[in-house]
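For reference, the structure discussed in these notes is given below.
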Amino acid sequence: MKPIPKIALGTLLALAVAGTLGWFSLDKETRGLLKTVPTNRDLLFWTVPQRDAAFRALDRISLLAKWRVVEASGTPRPLPAGAPIKTLPDIDAYMADQRSSALLIVHDGKLRLERYGLGFDADGRWTSFSVAKSFTSTLVGAAIADGHIKSMDDKVSTYIPQMKGSAYDDVSVRQLLTMTSGVRWNENYSDPNSDVAQFNNHKPEEPGVDALVSYLRKLPREAPAGERWLYSTGETNLVGILLSQATGKPLSQYLEEKIWKPAGMEQKATWILNKTGQEISGCCIQAATRDYARFGMFILDGAAAGGKPTVPEGWLKQATSKRADIGQPGRGYGYQWWTYDDGSFAARGIFGQGIFIDPARKLVIASNANWAGGASDPKTSQAREVFYKAVQKALDDEARQRK
């Protein structure tokens, strides 16, 4: 996934900002970023220390990126403390292996573990990367409930007329959400020539056309729509443009109205914009880890707040259950959610961001990290899956002991 517009950074920027604002007037996240300002242009290829500093501060300096604010709720949802879970694996060792900046476990509405690392804390905001995809999916459900999107089977070009005549003429909103468009895409994070590394550099061939729309409408079809799953951050970003066109609102405003305030988020969030001023809907919400956990609780409640549902009846069940086969036993893909055959599901972002939700156990695990092994490090990713199962087992053991 391609997180933010490519940015040219350097020592001169650090000196200019520090000199203008006064070094000691800056918060610790901004100072940390300025100390390690990357000189290359793509965060997929930044060093570990550069990522450590940047992931908590992407929305601190407008010269680096633009963003819109998502205001907090006036009545934050409580996160009461619960008893520690006694039979978990060694948390210090797990967090060190993950290079974890935050790990929260909420069970039955109670916060049973809250730990931070890498100098991060509960007051800071960490970037979501592709965890944002699951927020975007929920906003699609809200737009259907509000009547802005008439049907999941409507074609993409119904809402983005500039896609007419492209391979996306044959693609429905549903197929866009399940990543089964059949359109060619390369999401290789280690390849600087892949689509995910290139599309933010694209210049539209005509004025008034969004750069992403211009890039995607040139891609060829490789398979019939609906028959093949292929992970594509570009298509989630297209969902965001579709949402903005359908609702007539910026995504950050719609997020604030439909999720952030109703769900009782404690801190403001920000959403990074692309070069044409559109929220990058496949990425880049900056939020407190407690509020990522609250999003998980909101989803556990059926995407409802105060008894009022945000999405149509039955829609969330479809969104969080297997809609597409991803070629991994016991797993699948829903509407921008990764699914498990046991009924649990997850939002995932590169470098270790995640929200794991298990409705049967009333469990939410929110985590942020900066994996040393890279964007989608398979070894560290698998270790996180093992940890999820260990938490589930610990809760099952507790339940058996209570009987």
Among Glu114, Met297, Lys110, side chain to side chain contact (heavy atoms under 4.5 Å, CB included) partner for Leu79: Met297
Do we see a donor-acceptor contact under 3.5 Å between the side chains of Asp52 and Asn370? yes
Could you give me the CA-CA distance, side-chain angles and deciding distance for Lys258 and Asp146, then say whether salt bridge (charged side-chain N to carboxylate O under 4.0 Å, His left out) is met? CA-CA 10 Å; Lys258 293 298 173 181; Asp146 288 346; 3.0 Å; yes
Indicate whether the side chain of Tyr231 and that of Ser130 have a donor and an acceptor atom separated by less than 3.5 Å. yes
Give a yes-or-no answer on whether the side chains of Asp191 and Ser194 include a donor-acceptor pair shorter than 3.5 Å. no
Should Leu177 and Glu235 count as side-chain neighbours, where that means a heavy-atom distance under 4.5 Å? no
Classify the side-chain pair Lys133/Ser128 by whether it contains a donor and acceptor separated by less than 3.5 Å. no
Say whether Gln392 and Asp358, considering side chains only, have a donor N or O and an acceptor N or O under 3.5 Å apart. yes
For the NZ atom on Lys218, are there more than 12 heavy atoms of other groups (residues, nucleotides or ligands in this structure) within a distance under 6.0 Å? yes
Does a side-chain N-to-carboxylate-O contact under 4.0 Å join Arg77 and Glu266? no
Closer than 4.0 angstrom, basic N to acidic O: yes or no for Glu71 and Lys261? no
Centroid-centroid distance, Phe351 to Trp371, less than 6.0 Å: no
Would you say Tyr215 and Asp195 are linked by a side-chain donor-acceptor pair, where the criterion is simply a distance under 3.5 Å? yes
Any salt bridge linking Arg331 with Asp341? Criterion: basic side-chain nitrogen under 4.0 Å from a carboxylate oxygen. no
Ion pair check, Asp59 and Arg125, cut-off under 4.0 Å: yes
Lys393/Asp397 under salt bridge (charged side-chain N to carboxylate O under 4.0 Å, His left out): CA gap, chis, key distance, verdict: CA-CA 6 Å; Lys393 181 180 183 302; Asp397 289 345; 3.0 Å; yes
Does a donor on one side chain sit under 3.5 Å from an acceptor on the other, for Thr236 and Gln336? yes
For the rings on Trp260 and Phe295, is their centre-to-centre separation under 6.0 Å? no
Any salt bridge linking Asp342 with Lys389? Criterion: basic side-chain nitrogen under 4.0 Å from a carboxylate oxygen. no
NZ/NE/NH1/NH2 to OD/OE distance under 4.0 Å, Glu398 and Arg112: yes
If you take the centroid of each ring, where Trp contributes its six-membered ring, are Phe356 and Tyr340 closer together than 6.0 Å? yes
side-chain contact (heavy atoms from CB on, under 4.5 Å) between Ile365 and Ile355: does it pass, once the steps are laid out? CA-CA 6 Å; Ile365 305 174; Ile355 305 174; over 6 Å; no
Find out whether Ile357 and Trp337 are in side-chain contact, i.e. whether some heavy atom of one side chain is under 4.5 Å from a heavy atom of the other. yes
Sidechain N-carboxylate O distance under 4.0 Å for Lys268, Glu256: no
Short side-chain donor-acceptor distance under 3.5 Å, Ser101 and Asn368: no
Between Phe120 and Phe55, ring centroids under 6.0 Å: no
Ring-ring centroid check Phe345 Trp338, cutoff 6.0 Å: no
If every non-hydrogen atom of Gln353 is compared with every non-hydrogen atom of Thr127, which pair is closest and at what distance? CG-O, 3.7 Å
Are Glu187 and Trp185 close enough that a side-chain donor and a side-chain acceptor fall under 3.5 Å? yes
